[in-house]
Peer 1: 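Handing you a structure now.
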Amino acid sequence: MNNSKLQAFCLLVELKKLAPVAKALGITAPTVSFHIRSIEEEYGIRLFRTNAGGYRLTEAGEGVYHYARQMVQLQKDMDRFIENLLAGHIGSLRFGASGLPAHIFMPDLIHQVSTTYPEIRISLEVKTAPEIEKKVALQELDFGLIMETKQENPLLQYETIGEDALVLAFSPSHELAAQKDITKEDILKYKLLLHTSSSSTNHFIEKWMDPFQPSIYTIELDSVSTIKKMLTFGKNLAFLSVSLIEEELKSGVLLKKDLHDVTLNRKIQLIYPKTRLDHKMDEFVKMSVYEIAKQLKMSSTMT
């Protein structure tokens, strides 16, 4: 199966209409249809159902799309490598990170890499840990820095570079501020502010609070800044990393309570595809990540 067929198939999944696919590929709509029929005839399956809303994948089509997307991306990666090689460019690095690693690692890492390799192109995507894992597995990103998730993707290499502990954060005016020992029962009396974009943090909170009923005990917000601001009102609580509230703790705007519970400790992981061919720049990235972890005093669990 040639790459043109796969490109046409993947674009039709995403755009759902023949005309925009044909326009994107610089071919005619009948040619797009021909490519789709050719794949179906080659494998003896039906890829799409058609209706007024456009093309929709069949169950077989879903499976083919899973692999076709990776094949198209691998072709793009090889084309990009050849293009950089022939043009004399050093290349590019595509980073991904979930919330906390993006905040505490990425500024230093990007600075170090861009200083040592000034000609390379660098990009960064900040998304949830599962989204970063998926993109790295598809090789749409070269490296990811994430908080550990429930499961590990078998296509990825995971390296634990440090550990982070969640603390209970609240305002000095909160009712619990004067209380020496805080129990789970105490916490359940108040609304917990959850960061909707931090799935790994929420998983650890739910595990610690077990049994847990999010709809009753939580308010979901899509911004750490909003969470910190709401804490200052003195009515709510939040589990956050100390790294995210350093300035507020120094200024006294917020207080923290370390609950000394190992279930609130999370690994910080560097991930990359198992099939990735290491070269000098990759080794520099890994070394820099570990050095930054040491500077942040996260080296206790480093491998």
Side-chain angles (χ1 to χ4, degrees), residues 95 97-112 115 124 126 128-129 145-148 160-184 186-187 189-205 208-209 218-270 288-302:
F95 292 115
S98 57
L100 178 65
H103 175 76
I104 65 176
F105 276 89
M106 280 305 171
D108 284 341
L109 180 59
I110 292 174
H111 170 70
Q112 291 185 27
T115 300
L124 170 65
V126 180
T128 64
L145 277 169
I146 62 170
M147 307 308 299
E148 64 176 303
T160 298
I161 59 172
E163 199 172 79
D164 174 70
L166 293 169
V167 296
L168 187 68
F170 46 85
S171 166
S173 62
H174 195 280
E175 293 175 357
L176 293 182
Q179 192 166 316
K180 184 177 180 181
D181 296 314
I182 299 175
T183 66
K184 292 181 184 180
D186 293 327
I187 294 171
K189 296 175 184 177
Y190 306 94
K191 288 279 188 179
L192 273 176
L193 305 180
L194 291 183
H195 189 204
T196 53
S197 296
S198 185
S199 58
S200 61
T201 298
N202 296 347
H203 162 62
F204 275 81
I205 294 171
W208 186 82
M209 296 293 291
T218 65
I219 299 174
E220 295 188 357
L221 301 168
D222 196 27
S223 165
V224 173
S225 297
T226 303
I227 290 174
K228 292 193 288 188
K229 178 63 178 178
M230 285 195 65
L231 288 177
T232 64
F233 299 148
K235 298 296 182 182
N236 306 115
L237 305 169
F239 283 97
L240 295 169
S241 167
V242 174
S243 302
L244 294 176
I245 54 173
E246 283 182 347
E247 292 185 10
E248 289 79 8
L249 292 175
K250 289 178 181 177
S251 64
V253 172
L254 294 179
L255 300 178
K256 70 176 177 71
K257 177 70 174 179
D258 188 342
L259 299 176
H260 301 291
D261 192 318
V262 292
T263 62
L264 292 174
N265 293 345
R266 308 173 296 168
K267 294 177 183 176
I268 302 174
Q269 297 175 314
L270 172 68
S288 298
V289 168
Y290 279 101
E291 287 299 322
I292 295 169
K294 287 181 181 178
Q295 293 168 14
L296 294 170
K297 298 181 181 178
M298 293 181 171
S299 59
S300 60
T301 59
M302 288 169 53

Peer 1: With sequence neighbours left out, write down each residue that passes side-chain hydrogen bond (donor to acceptor under 3.5 Å, both in side chains) with Thr226, or none if nothing qualifies.
Peer 2: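 Applying side-chain hydrogen bond (donor to acceptor under 3.5 Å, both in side chains) to Thr226 gives Ser223.
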Peer 1: Report all side-chain donor-acceptor pairs from residues 172-180 shorter than 3.5 Å, counting only partners two or more places apart or in another chain.
Peer 2:
unit_1, atom_1, unit_2, atom_2, d
Ser173, OG, Ser171, OG, 2.8
His174, ND1, Leu176, N, 3.0
Glu175, OE1, Tyr190, OH, 2.5
Gln179, NE2, Asp181, O, 2.9
Gln179, NE2, Asp186, OD2, 2.7

Peer 1: Apply side chain to side chain contact (heavy atoms under 4.5 Å, CB included) to the pair Phe239 and Ile187, showing each step before the final yes or no.
Peer 2: CA-CA 11 Å; Phe239 283 97; Ile187 294 171; 4.1 Å; yes
Peer 1: With sequence neighbours excluded, what pairs up with Lys235 under the side-chain contact (heavy atoms from CB on, under 4.5 Å) test?
Peer 2: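 Counting only residues at least two positions away or on another chain, Lys235 forms no side-chain contact (heavy atoms from CB on, under 4.5 Å).
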Peer 1: To the nearest 0.5 Å, tell me how far Phe95 CZ sits from Ile110 CD1.
Peer 2: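 If I round to the nearest 0.5 Å, the distance is 6.5 Å.
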Peer 1: Under a 3.5 Å distance rule, please check whether Thr115 uses its side chain to pair with a backbone N or O of Gln112 as donor and acceptor.
Peer 2: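 No; zero donor-acceptor contacts below 3.5 Å.
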Peer 1: Do any N or O atoms from the side chain of Thr160 and from the backbone of Lys267 form a donor-acceptor pair under 3.5 angstrom?
Peer 2: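 Flag not set: sc Thr160 to bb Lys267 has no pair under 3.5 Å.
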Peer 1: Locate the shortest heavy-atom distance separating Ala129 from Ser98; write the atom from each residue and the value.
Peer 2: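 Smallest heavy-atom distance, with atoms named: N-CB, 3.7 Å.
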Peer 1: Quick one: side chains of residues 247-254, donor-acceptor pairs under 3.5 Å with protein atoms, not counting sequence neighbours, listed by atom name and distance.
Peer 2:
unit_1, atom_1, unit_2, atom_2, d
Glu248, OE2, Lys228, NZ, 3.2
Ser251, OG, Glu247, O, 3.1
Ser251, OG, Glu248, O, 3.2

Peer 1: With side chain to side chain contact (heavy atoms under 4.5 Å, CB included) as the criterion, how do Ile104 and Asp164 come out once you've worked through the C-alpha distance, each side chain's angles and the decisive distance to 0.1 Å?
Peer 2: CA-CA 11 Å; Ile104 65 176; Asp164 174 70; 6.0 Å; no
Peer 1: Kindly write out the residues that satisfy side-chain contact (heavy atoms from CB on, under 4.5 Å) with Ala238, not counting sequence neighbours, or none if the list is empty.
Peer 2: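 Expected list: Leu193, Ile227, Leu231, Leu240.
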Peer 1: Can you name the closest pair of heavy atoms from Ile161 and Ala293 and give their distance?
Peer 2: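 Smallest interatomic distance, heavy atoms only, reads O-CB, 3.4 Å.
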Peer 1: Run Val289 and Phe105 through side chain to side chain contact (heavy atoms under 4.5 Å, CB included) and show every step you take.
Peer 2: CA-CA 7 Å; Val289 168; Phe105 276 89; 4.3 Å; yes
Peer 1: Which one of Met106, Gln269, Met147 satisfies the side-chain contact (heavy atoms from CB on, under 4.5 Å) criterion with Pro101?
Peer 2: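 Going through Met106, Gln269, Met147 one by one, the side-chain contact (heavy atoms from CB on, under 4.5 Å) with Pro101 is satisfied by Met147 alone.
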